[in-house]
Amino acid sequence: MSHDEAPMIGTDITPFRPPGTPEYAEAGASFQLAAPVDPAGAFTARSVDDVVRAVAAARRSGRPLRLTTTGHAIGRTGPLTDSLLVRPLLDAPVRVDPDARTARVPAGKTWGDVLPETTRYGLTALHGSSSTVGVIGYLLGGGLSFYGRRFGLAANSVRSLTVVLADGQVVEVSAAHRPELFWALRGGGGGFGVVVAAEIDLIPMRRIVTGMAVWNAADAARLAPVWQAWARTAPPEITTSLRALSLPPLPFLPPYLAGKRVLALDGAVIAPTEPDLPAARRIVDEMLSPLTALAQPVANTWAEAAPQALPLIHLDPPQPVASYSDSALIHEIGEADWARILDAGPNLLALELRQLGGGFADTPANGGALDRFAAPLHYYGVGPAGEETTRDLKAVRSALEPSLTGFTAPNFVDDFERPQRTHDDDTRARVERVRRAVDPTGLFAGDVAATRDQD
Ligand SMILES: Cc1cc2nc3c(=O)[nH]c(=O)nc-3n(C[C@H](O)[C@H](O)[C@H](O)COP(=O)(O)OP(=O)(O)OC[C@H]3O[C@@H](n4cnc5c(N)ncnc54)[C@H](O)[C@@H]3O)c2cc1C
């Protein structure tokens, strides 16, 4: 039987296609291989009209409508079984307005699609560490960028969103139009509609200083507290990530990382104009000198670079993987706790601490439901899907206990069963009110990130 003749499930769910069809496989393709993607029907929307048709079909069928772009976080929300899955992958270009310093990004684009369009004008965006991440999903979840200590969360750089609501209306949402929905969409945890485009602010960025310094794992517990002390008073021009890495011998990795256990310090310093470069280099020197005085790095690639180099520096996996992870916003780590934390996850690929503070902690004008992080550090642990990783993640969490704030950065949550909390109770109640107003029948209810610790 050709896929055109494949039977539809239940009532007519056109344009969604059933399991076993190539269209279903294409729409459900996911970067996260550890979470099952088994909706009752799936559809890749190539236009805003397609999205409107999908919303209408889901409403008619009485099934919940779920969203995916890359599937990086497909495990963040509950099982997809019985729902319909729409993947908005619009056939529309990224449009940059260099004078206004904005970009209009259609749904489906990754940062890898956007950056070549902006950097040709000497502009960049508050993107994350990987070019494979979907722009809309990243922005709606806050967005932790290596430019963030200067410019804050990426969600604050959103000027407007175009959204297909549960009733099929296509609405422009901004600080001036439907401000309450605009507020809730930015960090509220999903379940408001399908965002079909985002207009974002761009920032001038001619050069950056970026790279990675790498030490033997044996030196990690001595070096990490020194980094933490530096991070406390570091200038906002720099944002870094300190990771205990244990990466397999993959061909795309440099020899000092492939198959080795190491401590790695990467990130970026901004140099918006050429004359900013000497100061940017000095900031890196000031960060590295107390560390190199304690232990010589086995590699150090920190150097001046074009902003296009930044998504390559963190060495995120370029291909789909099956992984388990955990994350939390944390207070500073006590001097005596470092060794226990760093040793708690021997099978993890990475145990990361991202430097927050600076612009991440500032309250912006017109921010959304999630517009800042007060915590000084963000923890993220990840390993291959399996029991060893589950055990290690639990052990790291328990070692981190004295530092846990009880809050998480929603972008890094990819397991709906793991407790998480993003908002205080008042913010959460306000988000729920907006959700009920725009989606009274709960068409998008399955797309809401779980906040189980409060339920
Ligand atoms: C390798 C890697 C590196 C990462 N680095 C960073 C980083 O540096 N900083 C950071 O902040 N995060 C980072 N993340 C996390 C990433 O930002 C989140 O997982 C984000 O949610 C991914 O969005 P997506 O659209 O790619 O994923 P998806 O799983 O496709 O979508 C996740 C959720 O986003 C929402 N969503 C997606 N598209 C739409 C849409 N069109 N309309 C409405 N809602 C939508 C939905 O609620 C969906 O459930 C990283 C993730 C990975 C895997």
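Residue indices begin at 1 and follow the sequence shown. Every number for a ligand or one of its atoms is a count from 1 in the order of the listing.
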Among G71, S327, A35, P106, whose heavy atom sits nearest atom 28 (P) of ligand 1?
G71
What part of H314, side chain from CB on, backbone N/CA/C/O, both or neither, has a heavy atom under 4.0 Å from ligand 1?
neither
Out of A197, G75, A73, who is nearest to atom 29 (O) of ligand 1 when you count heavy atoms only?
A73
Atom 33 (C) of ligand 1: nearest protein contact (heavy atom, Å)
R76 NH1, 4.0 Å
For I74, atoms of ligand 1 separated by under 4.0 Å from a heavy atom
29 (O)
Could you tell me whether R178 sits above the aromatic face of W183, with NZ or CZ closer than 6.0 angstrom to the six-membered ring centre and within 45 degrees of the axis?
no
Check ion pair R159-D201 (N to O, under 4.0 angstrom)
yes
Over 60° means perpendicular and under 30° means parallel, so classify the ring planes of F360 and F373, tilted if in between.
tilted
Nearest protein heavy atom with distance in Å, relative to atom 10 (C) of ligand 1:
Y138 CE1, 3.3 Å
Any L123 side-chain heavy atom under 4.5 Å of I203 side chain
no
For the pair R397 (side chain) and S327 (backbone), establish whether a donor and an acceptor sit closer than 3.5 Å, ignoring hydrogens and angles.
yes
Looking only at protein heavy atoms, identify the closest one to atom 47 (O) of ligand 1 and say how far it is in Å.
D447 OD2, 3.0 Å
Measure the distance from atom 13 (C) of ligand 1 to every protein heavy atom, then report the residue, atom name and distance (to 0.1 Å) of the closest one.
F412 CZ, 3.7 Å
Flag T132 as yes when one of its N or O atoms lies below 3.5 Å from any N or O atom of ligand 1, and as no otherwise.
no
Closest non-hydrogen protein atom to atom 15 (C) of ligand 1, residue and atom name please, with distance?
N411 O, 3.2 Å
Shortest protein heavy-atom distance from atom 27 (O) of ligand 1, along with the residue and atom involved:
T70 OG1, 3.2 Å
N/O of A107 under 3.5 Å from N/O of ligand 1, yes or no?
no
Quiz item: cation-pi between R186 and F182, 6.0 Å / 45°
yes
Around atom 34 (O) of ligand 1, find the nearest protein heavy atom and jot down its residue, atom name and distance.
G137 CA, 3.6 Å
I'd like to know if G143 contacts ligand 1, where contact means a heavy-atom distance under 4.0 Å to any ligand atom.
yes
E332 versus S403, side-chain donor and acceptor atoms under 3.5 Å:
no
Looking at ligand 1, would G193 count as a contact under a 4.0 Å heavy-atom criterion?
yes
Could you tell me whether V195 and ligand 1 have an N or O pair separated by under 3.5 Å?
yes
Residue from F412, Y138, W111, F31 passing ring-ring contact (aromatic ring centres under 6.0 Å, His included) with H72
F31
Do any nitrogen or oxygen atoms of S129 lie less than 3.5 angstrom from nitrogen or oxygen atoms of ligand 1?
yes
Can you tell me if H314 and E352 form a side-chain donor-acceptor pair at under 3.5 Å?
yes
Under 3.5 Å between any N/O of H72 and any N/O of ligand 1: does that happen in this structure?
yes
Atoms in ligand 1 with a heavy atom of G128 nearer than 4.0 Å
7 (C), 8 (O)
In terms of side-chain heavy atoms, does N347 have a donor or acceptor partner in D392 at a distance below 3.5 Å?
yes
Evaluating non-hydrogen atoms only, which member of T69, V133, V164 is closest to atom 51 (C) of ligand 1?
V133
Are R435 and F192 in a cation-pi contact, defined as NZ or CZ under 6.0 Å from the six-membered ring centre and within 45° of the axis?
yes
With no hydrogens and no angle check, just 3.5 Å: does a side-chain donor-acceptor pair link R261 and S246?
yes
Only heavy atoms count here, so choose which of L89, L140, L144 is nearest to atom 9 (N) of ligand 1.
L144
Under 30°, 30 to 60°, or over 60°: which ring-plane class applies to Y380 and H378, parallel, tilted or perpendicular?
parallel
Which residue and heavy atom of the protein sit nearest atom 43 (C) of ligand 1, plus the separation
L67 CD1, 3.3 Å
With respect to R354, determine whether any N or O atom, backbone or side chain, lies less than 3.5 Å from an N or O atom of ligand 1.
yes
Any chance you could lay out the side-chain contact (heavy atoms from CB on, under 4.5 Å) test for F146 and S241, step after step, and finish with the verdict?
CA-CA 9 Å; F146 278 129; S241 151; 3.9 Å; yes
Mark up the atoms of ligand 1 that fall under 4.0 Å of a heavy atom belonging to T68, in ascending order.
30 (O)
